[in-house]
Amino acid sequence: MTELFSSVQISGLAFANRLVMPPMATNNATCSGEVTEDILEHYQKRAAAEVGTIIVEHTYVRPDGRVNDRQLGLHRDELTDGMSQLAAAIQQHGCRAVLQLTHAGAAALRGDETALQAVGTRPLPGSDTVAEPMTPGYIAKIKRCFVQAAERCVEAGFDGVQLHGAHGYLLNQFLSPLTNDRDDEYGGDERRRWQFPLEVVREVRQVTEDSLLLYYRLGADDLIEGGLTVRDTAPFAQQLVSEGVEVLDISGGLGGASPENEHCEAYFLPQAEQIAKEVGKQAAVVVTGGIVNACTADRVARDSAVDFVGVGRALLMDPYWAIKARQALQKTAL
């Protein structure tokens with residue numbers, strides 16, 4: 001048995017193997033955020049082909065926080081039935097189903113009335129659009145929407161919920177000094193920049209406790225000069241775990257999911273290993289980042305400090321990648 005396809009338990013929940021399909025947008029929802037047959041088929045096909053965990057693509061908690069017209073949403077009770085079908089379609093094959101919740105903040109679609117609201121007075125890197133900073137009242141509304149969406153996630157029967165704190169979206173925007181120059185309780189020094197993401201985690205944990213695992217996708221490195229590095233995010237990761245996060249999914253921050261001029265596989269492994277050392281056995285760690293080769297995935301699972309290995313684009317291109325990977329690794333072991 002290869003390490004990638006060995007079973008593992010996290011907080012009493014059994015996983016068939018250590019292979020994770022990370023969240024990747026299909027943009028196949030309806031314009032109202034509803035699950036479609038195309039989405040059901042997309043995820044069921046990969047769940048049936050030996051993927052151990054699927055983290056369903058970013059799902060907005062408020063319409064003003066979406067980044068695409070065809071993005072999944074969980075902002076209304078009426079959307080829960082479709083999500084229940086999606087969770088069941090994944091789980092019937094022994095695959096764990098996790099749903100990623102997000103608000104894009106200043107990265108949201110232009111044209112939504114409140115989409116131009118930002119965390120602070122600074123535009124997102126690469127943008128010259130200066131938006132009005134969010135008021136404390138608006139911040140509280142967004143937090144409540146995360147909590148309500150998590151409640152619907154519980155009702156839909158998912159195994160876990162992931163809060164999206166990477167890739168320049170809202171929780172990442174609050175954390176980064178490049179976008180958060182507020183002078184209230186939600187910004188200024190490092191600890192105050194932590195405040196809003198931690199409040200979201202704390203309140204979501206209250207409604208998900210004993211029902212599903214709490215994941216956090218952490219932008220461990222902004223990949224931009226003056227932004228967050230793993231030296232900043234490692235202590236934040238420890239605080240996330242203290243607030244109830246059970247699985248940390250390590251990726252990039254404001255600079256996105258793919259570093260420029262980075263062509264090696266597992267390019268976020270150094271950050272993931274540092275985070276794993278910080279949290280020890282208190283939480284599981286997922287690493288992603290350009291992994292396409294079965295031997296690379298197995299080596300990361302066997303030799304690194306992380307618990308799960310995310311394979312994204314390779315699974316997007318080939319839904320049967322996991323079956324082929326297992327067969328290739330078995331031949332190599334002979």
Side-chain angles (χ1 to χ4, degrees), residues 1-10 13-29 35-59 70 72 82-100 153 156-162 212-213 215 217 247 249 251 257 265-266 284-302 304 306-334:
M1 175 65 72
T2 66
E3 193 63 30
L4 181 64
F5 289 95
S6 64
S7 61
V8 64
Q9 280 203 0
I10 303 296
L13 191 66
F15 292 77
N17 59 55
R18 299 171 187 267
L19 176 63
V20 175
M21 178 177 166
M24 295 175 289
T26 63
N27 300 326
N28 281 334
V35 172
T36 62
E37 288 298 325
D38 285 343
I39 287 177
L40 290 172
E41 180 181 1
H42 174 80
Y43 287 107
Q44 184 169 352
K45 184 178 292 185
R46 288 154 179 84
E50 300 189 19
V51 175
T53 304
I54 288 178
I55 306 177
V56 174
E57 63 198 86
H58 61 177
T59 299
R70 301 289 298 278
L72 279 172
M83 286 295 186
S84 296
Q85 294 178 47
L86 179 54
I90 294 170
Q91 292 163 336
Q92 67 176 318
H93 301 289
C95 180
R96 294 301 182 185
V98 180
L99 181 67
Q100 185 186 73
C153 193
F158 281 90
D159 297 299
V161 59
Q162 182 180 86
L212 41 75
L213 291 178
Y215 287 60
R217 191 158 218 202
V247 185
D249 182 359
S251 190
E265 293 185 80
V285 173
V286 184
V287 65
T288 59
I291 299 172
V292 298
N293 187 283
C295 290
T296 302
D298 191 54
R299 184 171 62 251
V300 170
R302 183 181 64 248
S304 76
V306 306
D307 304 276
F308 293 95
V309 181
V311 174
R313 294 178 183 86
L315 271 168
L316 197 61
M317 295 174 62
D318 181 2
Y320 307 107
W321 183 93
I323 293 175
K324 296 173 183 177
R326 178 180 54 77
Q327 292 171 343
L329 291 170
Q330 288 173 339
K331 289 181 181 178
T332 302
L334 294 176

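In terms of modelled atom types and a separation under 3.5 Å, the side chain of Glu265 and the main chain of Asn293 share a donor-acceptor contact. Between the side chain of Arg46 and the main chain of Leu316, a donor-acceptor pair closer than 3.5 Å is present. Of the possible polar contacts, none joining the Asn27 side chain to the Arg70 backbone as a donor-acceptor pair under 3.5 Å is found. Of the possible polar contacts, none joining the Glu50 side chain to the Ala322 backbone as a donor-acceptor pair under 3.5 Å is found. Arg96 places no side-chain N or O within 3.5 Å of a backbone atom of Ile90 that could act as its donor or acceptor partner. Side-chain N or O atoms of Thr36 include one that pairs as donor or acceptor with a backbone N or O of Asn28 at under 3.5 Å. In this structure, the side chain of Thr26 does not engage the main chain of Met24 through any donor-acceptor pair within 3.5 Å.
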Phe15 and Asp307: CA distance, side-chain angles, deciding distance, side chain to side chain contact (heavy atoms under 4.5 Å, CB included) verdict: CA-CA 11 Å; Phe15 292 77; Asp307 304 276; over 6 Å; no
Evaluation steps, side chain to side chain contact (heavy atoms under 4.5 Å, CB included), between Ile54 and His93: CA-CA 11 Å; Ile54 288 178; His93 301 289; over 6 Å; no
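The two residues Ala87 and Ala156 make their nearest non-hydrogen contact at CB-O, 3.8 Å. Here the closest heavy-atom approach between residue Arg217 and residue Pro23 is recorded as NH1-CG, 3.6 Å. In terms of heavy atoms, Leu40 sits closest to Ala89 at CD2-CB, 4.3 Å. Residues Ile291 and Ala266 approach most closely at CG1-N, 3.6 Å, considering heavy atoms. Gln9 and Ala14 get closest at one heavy-atom pair: CG-CA, 3.9 Å. Residues Tyr320 and Ala49 come closest through the heavy atom pair CD2-CB, 3.9 Å.
For the residue pair Asp159 / Gln91, a side-chain donor-acceptor distance below 3.5 Å is found, with atom types taken as modelled. Using modelled atom types and a 3.5 Å distance limit, the side chains of Asp249 and Gln162 yield a donor-acceptor pair. Defined by atom type and a distance below 3.5 Å, a donor-acceptor pair is missing between the side-chain atoms of Thr2 and Arg326.
Within the 4.5 Å cutoff, the side chain of Phe5 has no heavy atoms near those of the Gln330 side chain. Residues Val35 and Leu72 form a side-chain contact, since some pair of their non-hydrogen atoms from C-beta on lies under 4.5 Å apart. Put simply, the side chain of Cys95 does not reach to within 4.5 Å of the side chain of Met21, judged on heavy atoms. You'll find the side chain of Trp321 reaches within 4.5 Å of the side chain of Leu19, heavy atoms only. Side-chain contact between Pro22 and Gln100 is absent, with no heavy-atom pair separated by less than 4.5 Å. Between Val20 and Val98, the closest side-chain pair of non-hydrogen atoms is not below 4.5 Å. Side-chain atoms of Ile10 and Val247, non-hydrogen and from C-beta on, do get closer than 4.5 Å to each other. Between Leu212 and Cys153, some side-chain heavy-atom pair lies under the 4.5 Å cut-off.
Tyr43 contributes atom OH, which lies 7.0 Å from atom CG of Leu86 (distance to the nearest 0.5 angstrom). Taking CG of Asn17 as the start and OG of Ser6 as the end, the distance is 8.0 Å to the nearest 0.5 Å. Distance check: Ile55 CD1 to Leu99 CG gives 10.0 Å after rounding to the nearest 0.5 Å. Rounding to the nearest 0.5 angstrom, the gap separating the CD atom in Gln44 from the CD atom in Gln85 is 11.0 Å. We find the CG-CZ distance between Leu213 and Phe158 to be 13.5 Å, quoted to the nearest 0.5 Å.
Within 6.0 Å of CD in Gln327 there are more than 12 heavy atoms belonging to other residues, nucleotides or ligands.
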